[in-house]
Amino acid sequence: MTTLLPVLGPLLMLPPDGDDDAYSLGDYEGAMTRWCHGCGNNAILTSLQRLCAEQQLPPEKTVIVSGIGCAARLPHYMGTYGFHGLHGRAFPIAEGVVMRRPDLHVFVSTGDGDCCSIGAGHWLHAVRYNMNMTVLLHDNRVYGLTKKQASPTSPRGLVTKTTPRGSRLESLNPLVTTLGMPNVSFAAQVVDWLPGIVMDVMRQAYEHRGFSFIRILQRCPNFLPDQFEDYVRHPDRVVLVTHEKGLTVDEATARRFPNRIEHDPGDLDEAMRIARMEDALPVGVFYRDDAVPCYEDLLAPARHFSPADRLAALEGEFDRFSVNPVRAGASGEGVPAGAADAE
Ligand code: SF4
């Protein structure tokens with residue numbers, strides 16, 4: 001029975017007999033994946049599709065936003081709406097979507113380079129704005145799409161194309177950074193090779209209203225095949241962070257992972273201590289605060305413009321940048337209408 005579960009799992013997501021309107025797992029499948037064989041991104045994609053089916057998210061009301069990198073290809077593989085944006089710019093795009101369409105279900109798929117390097121400024125402020133979205137940080141500790149350069153999360157000493165003598169910098173810990181920001185409201189860590197836990201934490205992140213940040217340690221067998229092997233082969237190197245308000249595990253999982261700590265996700269100081277753990281790999285929900293206000297709610301009154309208001313605002317902007325024929329010079333070049341106003 002245990003060995004059949006991975007096969008039967010997707011079937012269990014099918015709509016019950018007679019419920020023709022329910023969405024099935026297949027409704028969330030997009031293009032065929034082009035990730036490398038054995039890439040941990042595949043497990044993350046499957047968990048996201050299963051979550052969508054479980055929560056019955058209408059595909060036309062679900063948006064996956066990404067930047068650039070291997071992780072950023074995920075929107076192509078979903079049967080939902082998606083926005084494959086610019087490098088490091090997934091967060092402002094997702095924020096724009098949430099601001100204008102708070103009724104949509106918004107997910108961000110980003111990598112360690114995309115989020116923690118070129119997109120770091122956007123990431124920090126996205127935590128602070130606490131807008132309602134679920135963030136999947138696929139952290140493989142290397143730039144995969146561009147073929148093995150050091151990323152901000154590469155461990156010190158890692159040999160890559162840009163660090164042939166080994167990376168000399170201490171790595172950045174995305175959870176410590178997230179937990180250190182004002183308005184942090186949800187932070188968790190999971191690993192791609194434990195899909196049941198990925199799914200459980202992803203569900204909690206989705207149900208949390210606000211900026212839900214999940215760092216997913218993701219295997220890149222193409223460029224760093226041994227990076228997480230120690231943790232994969234030795235479950236005692238993993239620490240499950242459990243609590244009734246966070247991750248709960250069944251008996252079989254508890255037997256497999258003997259090291260567990262009980263942690264109330266409401267305790268920020270303890271969450272930070274767990275995130276800094278170096279002698280083992282903590283997995284679970286580190287922090288959660290449902291009372292942090294969402295930026296879109298703070299601005300809600302200003303968002304409700306009537307169609308006439310919007311038209312007037314648009315025309316006003318067009319007027320500002322259109323050419324004023326009356327003031328066109330002898331050279332034939334026009335003068336922007338706004339320039340006349342300024343004089
Ligand atoms: Fe996955 Fe690495 Fe291949 Fe990118 S390069 S698709 S992260 S295995």
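Atoms within each ligand, like the ligands themselves, are counted from 1 in listed order.
A salt bridge links Asp103 with Lys61: at least one charged nitrogen is closer than 4.0 Å to a carboxylate oxygen. Between Arg203 and Glu207, no side-chain nitrogen of the basic residue sits less than 4.0 Å from a carboxylate oxygen of the acidic one, so the salt-bridge criterion is not met. Here Arg141 does not pair with Asp139 in a salt bridge; the nearest charged N to carboxylate O distance is not below 4.0 Å. Classification of Asp290 and Lys245 as a salt-bridged pair fails, no side-chain N sitting under 4.0 Å from a carboxylate O.
Through direct or relayed side-chain contacts under 4.5 Å between Ile, Leu, Val, Met, Phe, Trp and Tyr, Ile68 connects to Leu145.
If you check the side chains of Thr110 and His138, you find no donor sitting under 3.5 Å from an acceptor.
Residue Phe223 approaches ligand 1 through these ligand atoms, each under 4.0 Å from one of its heavy atoms: 5 (S).
Protein N/O/S atoms found under 2.8 Å from atom 1 (Fe) of ligand 1, listed by chain and residue number: Cys39 SG.
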